[in-house]
A.B. asks: 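Got a structure here, written out as structure tokens. Questions coming.
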Amino acid sequence: MAQNDVRDGDGASRRKKQKSEDDKFPTGQMITLAICKFSEPIAFNSVISYAYVMVPWLFDGDGTNASFYAGLLVSAYAFGEVLTAVMWGYASDKMGRKPVVLFGLCGVALSCVMFGLAKSYLVAFVARLIGGMLNGNVAVMQTMLAEMVKRPEHEPTAYAIHPFVWFAGGIIGSAMGGYLAKPAEYWPDVFSPDGIFGEYPFLLPNLVCVVVIVIAVIQGIFFLKETNPHAAENARKKALKKARQSGENTPLLGDSYKDSPHRVSEREVETSESDSSGKPSPALFMEDGVSSGTDPHFDLRRSSFGTMQSIQIQPTRPSLSELNHPADTATPPLRSTFNYTVVMLIASLVLCSYHSMGYFNMLPIYLLDAPSTSLAGGVIDWKGGLGYDIHAVGSFMAMNGFISVVVQGLVFPVFVAKFGVWKSYVVMVILYPLTYPLMPLLTLLPFGPARSAGIYAIMIIQNHLNIIIPPCALILIKNATPSPLVLGTVNGACMSLLSAARTAAPPLEGIIYSKGGSAAAWFSLAGVTVAATVQLWWIPRSPPNAVWIQGVETREGDEEAVEVEGEDRRDER
């Protein structure tokens with residue numbers, strides 16, 4: 001009995017320590033995941049900076065429809081993600097998030113090497129396609145972020161980190177792509193025209209990307225922790241099995257499991273023996289509560305969860321048949337998973353993803369394209385571009401990334417904290433149609449500081465709108481998802497559709513640009529923003545129905561279960 005008392009005391013101490021850890025912001029893991037995330041925008045943005053120049057080189061000097069083929073190169077990566085994003089999301093639900101993330105980074109590195117060595121358009125296209133197919137991180141990293149955050153008040157900061165990292169990486173990637181492309185042409189004294197960088201003028205920026213990715217993979221192997229509840233449950237069962245096999249005097253939990261974010265208490269050892277279904281045991285359900293998007297093992301006695309409108313616990317002891325009922329732990333059916341709210345939010349985000357990707361792809365093309373009128377300004381150029389060189393475009397794109405970082409780091413938290421997630425999302429979507437018609441008006445400004453100032457002003461407006469929309473939408477989608485057991489699947493499906501929009505936008509807008517001119521392309525994007533504004537009418541403001549969970553009678557000495565009315569999140573949204 002004394003030994004059991006000691007074990008129970010140790011278990012209570014572990015639970016208290018774990019609860020204290022859950023209350024903290026997961027800074028260490030956020031940094032580790034951010035480093036993994038940081039490598040991707042460097043690779044992605046560097047290609048966009050020089051794709052419009054690379055296309056004529058791949059076609060032996062033929063620049064016909066260069067905007068279309070450049071857009072196709074950019075979209076090939078997103079198309080690859082369309083083909084495999086759901087698969088990688090499902091794989092991360094089954095085998096864990098960490099291996100999928102690390103494998104995805106290796107796939108991006110392979111794509112960069114192939115792309116830098118490409119001498120034909122087909123090889124370059126296949127390289128980008130393979131990179132997108134092998135990279136499952138679009139959905140999985142977002143899922144890991146949701147699983148790392150345990151408290152709803154940490155959500156705005158956490159969901160702002162990865163867009164912040166993306167734009168920070170975009171600064172380096174954009175500048176690197178603009179300045180390191182064609183090194184033998186711009187710096188012949190350093191890079192010989194007869195050397196490897198003369199033969200492969202776009203290899204250098206891709207090699208730098210590979211180095212950054214390798215660093216990210218190495219630190220991810222050693223420091224990134226698994227967040228998948230299924231993987232944590234498997235580790236729990238292995239620890240329990242090892243404890244039973246080792247005998248009474250062996251510690252219940254091995255050192256390898258000591259750092260798991262979902263540790264098991266000794267009390268669970270006594271009640272988990274009979275569970276052989278492969279599902280989380282009833283003991284774990286009773287001890288830690290049910291799963292949520294922010295905390296896979298949250299305590300139902302908390303007063304706020306951020307993902308539910310109300311939860312009521314009835315302090316009655318369920319029967320054994322109720323505990324073993326599949327509804328307690330089974331994955332929700334597909335129809336419940338993709339409920340009306342989830343579908344409408346994903347549809348809204350798809351429209352926003354299309355026009356924002358169209359803008360991001362067209363901006364360097366518009367900056368590089370030769371004007372059809374005089375550079376002096378004073379006349380709207382409905383057909384041509386602004387006539388800058390590749391180094392200037394690299395500087396503009398890097399500054400665009402810097403503006404994004406400032407807005408993400410300073411404006412986003414204040415704005416969302418003041419207006420709430422829902423209002424922030426709606427207001428930004430409604431204001432978006434005002435941005436794209438401003439682009440052709442830049443040609444009214446004289447070439448020089450005035451036009452540069454106009455470009456930066458539009459960048460500030462566009463970034464403010466585009467940066468606030470995706471994190472808010474993802475929070476709303478997570479809140480509408482019925483179970484964390486399908487969070488990876490929902491994110492996978494969402495990111496797959498977003499990738500489809502990003503796949504379609506560059507080539508379609510490239511065709512419009514080639515056939516109708518620059519103004520036609522900008523106004524076509526404005527039309528999509530109008531459609532996104534109208535679609536807001538069909539998005540429910542409130543999350544799905546309240547969740548009612550059958551509780552259990554508390555054990556002697558534990559906190560007494562109480563009825564908890566979750567905060568109404570509608571004002572916050």
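In what follows, every heavy atom counts, from backbone to side chain, and hydrogens, waters and symmetry copies are set aside.
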A.B. asks: Is the shortest heavy-atom distance from the side chain of V47 to the side chain of R128 under 4.5 Å?
C.D. replies: yes
A.B. asks: For V123, give me all partners under side-chain contact (heavy atoms from CB on, under 4.5 Å), at least two apart in sequence or on another chain.
C.D. replies: A118, S120
A.B. asks: Verify, without hydrogens or angle tests, whether S348 (side chain) and L345 (backbone) share a donor-acceptor contact under 3.5 angstrom.
C.D. replies: no
A.B. asks: Applying side chain to side chain donor-acceptor pair (under 3.5 Å) to N206 and Y200, what does each step give before you reach the verdict?
C.D. replies: CA-CA 11 Å; N206 285 281; Y200 302 99; over 6 Å; no
A.B. asks: Please check this pair: side chain of T84 against backbone of M133, looking for a donor-acceptor N/O pair closer than 3.5 Å.
C.D. replies: yes
A.B. asks: Sub-3.5 Å donor-acceptor pair from the side chain of T533 to the main-chain atoms of V429, do we have one?
C.D. replies: yes
A.B. asks: Please report the closest heavy-atom contact between P364 and I48, naming both atoms and the distance.
C.D. replies: CG-CG2, 3.5 Å
A.B. asks: How many angstroms lie between atom CD1 of I35 and atom CE of M30, to the nearest 0.5 angstrom?
C.D. replies: 13.5 Å
A.B. asks: Does the side chain of M428 reach to within under 4.5 Å of the side chain of I467, using non-hydrogen atoms?
C.D. replies: no
A.B. asks: Does the ring-ring contact (aromatic ring centres under 6.0 Å, His included) test come out yes or no for Y388 and F447, once each step is laid out?
C.D. replies: CA-CA 10 Å; Y388 290 98; F447 194 86; 4.9 Å; yes
A.B. asks: Looking at Y90, I want to see if its OH is surrounded by more than 12 non-hydrogen atoms of other residues, nucleotides or ligands under 6.0 Å.
C.D. replies: no
A.B. asks: Any salt bridge (charged side-chain N to carboxylate O under 4.0 Å, His left out) involving residues 381-400? Give me the pairs, sequence neighbours left out, ordered by first then second residue.
C.D. replies: none
A.B. asks: Minimum heavy-atom separation for A34 and V165, please, with both atom names.
C.D. replies: O-CG1, 3.3 Å
A.B. asks: Name the atoms and distances for all side-chain donor-acceptor pairs under 3.5 Å in residues 68-75, with sequence neighbours left out.
C.D. replies:
unit_1: S75; atom_1: OG; unit_2: G71; atom_2: O; d: 3.2
unit_1: S75; atom_1: OG; unit_2: L72; atom_2: O; d: 3.1
unit_1: S75; atom_1: OG; unit_2: T503; atom_2: O; d: 3.4

A.B. asks: Go through the structure and list residues passing side-chain hydrogen bond (donor to acceptor under 3.5 Å, both in side chains) with S49, not counting sequence neighbours.
C.D. replies: none
A.B. asks: I'd like to check I390 versus Y50 (side-chain heavy atoms, cut-off strictly below 4.5 Å). Are they in contact?
C.D. replies: yes
A.B. asks: Say you draw a straight line from CG of L349 to CD1 of I539; how long is it, rounded to the nearest 0.5 Å?
C.D. replies: 9.5 Å
A.B. asks: State whether the side chain of Q462 and the backbone N or O of A457 hold a donor-acceptor pair below 3.5 Å, judged by distance alone.
C.D. replies: no
A.B. asks: Go through the structure and list residues passing side-chain hydrogen bond (donor to acceptor under 3.5 Å, both in side chains) with N361, not counting sequence neighbours.
C.D. replies: none
A.B. asks: For L386 and P371, which heavy atoms make the closest approach, and how far apart are they?
C.D. replies: C-CD, 4.4 Å
A.B. asks: Can you name the ring pair (Phe, Tyr, Trp, His ring centres under 6.0 Å) partners of F360, sequence neighbours left out?
C.D. replies: none
A.B. asks: How far does CG of L474 sit from CG of N479, to the nearest 0.5 angstrom?
C.D. replies: 11.0 Å
A.B. asks: Is there side-chain contact between L117 and L203, with heavy atoms separated by less than 4.5 Å?
C.D. replies: yes
A.B. asks: Check L445 against A450 and note the closest heavy-atom contact, atom names and distance.
C.D. replies: CD1-O, 3.5 Å
A.B. asks: Could you go through the side-chain contact (heavy atoms from CB on, under 4.5 Å) check for L145 and M148 one step at a time?
C.D. replies: CA-CA 5 Å; L145 186 151; M148 287 177 181; 5.6 Å; no
A.B. asks: Within the distance-only criterion (no hydrogens, no angle test), does the side chain of R97 pair as donor or acceptor with the backbone N or O of S92 below 3.5 angstrom?
C.D. replies: yes
A.B. asks: Please list, chain by chain and in numerical order, all residues satisfying ring pair (Phe, Tyr, Trp, His ring centres under 6.0 Å) with Y432, sequence neighbours excluded.
C.D. replies: H355, Y436
A.B. asks: Rounded to the nearest 0.5 Å, how far does NZ of K478 lie from SG of C494?
C.D. replies: 14.0 Å
A.B. asks: To the nearest 0.5 Å, what is the distance between CZ (F338) and OG1 (T481)?
C.D. replies: 8.5 Å
A.B. asks: So which atom in P41 and which in G169 form the shortest heavy-atom distance, rounded to 0.1 Å?
C.D. replies: CG-CA, 3.8 Å
A.B. asks: Determine, stepwise, if the pair I477 / V490 fulfils side-chain contact (heavy atoms from CB on, under 4.5 Å).
C.D. replies: CA-CA 9 Å; I477 291 172; V490 170; 4.0 Å; yes
A.B. asks: For the CG atom of L351 and the CD1 atom of I346, what is their distance to the nearest 0.5 Å?
C.D. replies: 12.5 Å
A.B. asks: For F115 and F202, I'd like to know if the aromatic rings sit close, meaning centre-to-centre distance below 6.0 Å.
C.D. replies: no
A.B. asks: Assert yes or no for the condition that the ring centre distance of W538 to Y340 is strictly below 6.0 Å.
C.D. replies: no
A.B. asks: Could you go step by step and tell me if V212 and I215 meet the side-chain contact (heavy atoms from CB on, under 4.5 Å) rule?
C.D. replies: CA-CA 5 Å; V212 175; I215 294 173; 5.7 Å; no
A.B. asks: Looking at side-chain heavy atoms only, is the closest gap between F415 and I468 below 4.5 Å?
C.D. replies: yes
A.B. asks: For the residue pair V101 and M141, what are the closest heavy atoms and their distance?
C.D. replies: CG1-CE, 3.7 Å
A.B. asks: Quick one: do I213 and I42 satisfy side-chain contact (heavy atoms from CB on, under 4.5 Å)? Show the steps, please.
C.D. replies: CA-CA 9 Å; I213 293 171; I42 292 179; over 6 Å; no
A.B. asks: Using side-chain contact (heavy atoms from CB on, under 4.5 Å) as the criterion, list what pairs up with I458, not counting sequence neighbours.
C.D. replies: L438, M439, L442
A.B. asks: Quick check: do L536 and V426 have side-chain heavy atoms less than 4.5 Å from each other?
C.D. replies: yes
A.B. asks: Just wondering, do N400 and F402 contact through their side chains at under 4.5 Å, heavy atoms?
C.D. replies: no
A.B. asks: Test your reading of the model: is there a side-chain donor-acceptor pair from S356 to the backbone of C352, 3.5 Å cut-off?
C.D. replies: yes
A.B. asks: Would you say that more than 12 heavy atoms from the other residues, nucleotides or ligands in this model lie under 6.0 Å from the CZ of F79, or not?
C.D. replies: no
A.B. asks: Would a distance-only check, ignoring hydrogens and angles, find a side-chain to backbone donor-acceptor pair under 3.5 Å from S353 to V350?
C.D. replies: no
A.B. asks: Do K119 and L58 make a side-chain contact, defined as non-hydrogen atoms from C-beta onward lying under 4.5 Å apart?
C.D. replies: no
A.B. asks: T32: what forms a side-chain hydrogen bond (donor to acceptor under 3.5 Å, both in side chains) with it, not counting sequence neighbours?
C.D. replies: none
A.B. asks: According to ring-ring contact (aromatic ring centres under 6.0 Å, His included), does anything in residues 510-531 pair up with another residue at least two apart or in another chain? List the pairs.
C.D. replies: Y366-W522
A.B. asks: Going through the checks in order, is the ring-ring contact (aromatic ring centres under 6.0 Å, His included) test met by F412 and H464?
C.D. replies: CA-CA 8 Å; F412 175 83; H464 180 81; 9.7 Å; no
A.B. asks: Tell me every residue that passes side-chain hydrogen bond (donor to acceptor under 3.5 Å, both in side chains) with S67, counting only those two or more places apart in sequence or in another chain.
C.D. replies: S514
A.B. asks: Do side-chain atoms of N463 reach the backbone of M459 as a donor and acceptor pair under 3.5 angstrom?
C.D. replies: yes
A.B. asks: Can you give each donor-acceptor pair under 3.5 Å made by side-chain atoms of residues 171-195, sequence neighbours left out, with the distance rounded to 0.1 Å?
C.D. replies:
unit_1: S174; atom_1: OG; unit_2: G170; atom_2: O; d: 2.8
unit_1: Y179; atom_1: OH; unit_2: S395; atom_2: OG; d: 2.6
unit_1: S192; atom_1: OG; unit_2: D194; atom_2: N; d: 3.2

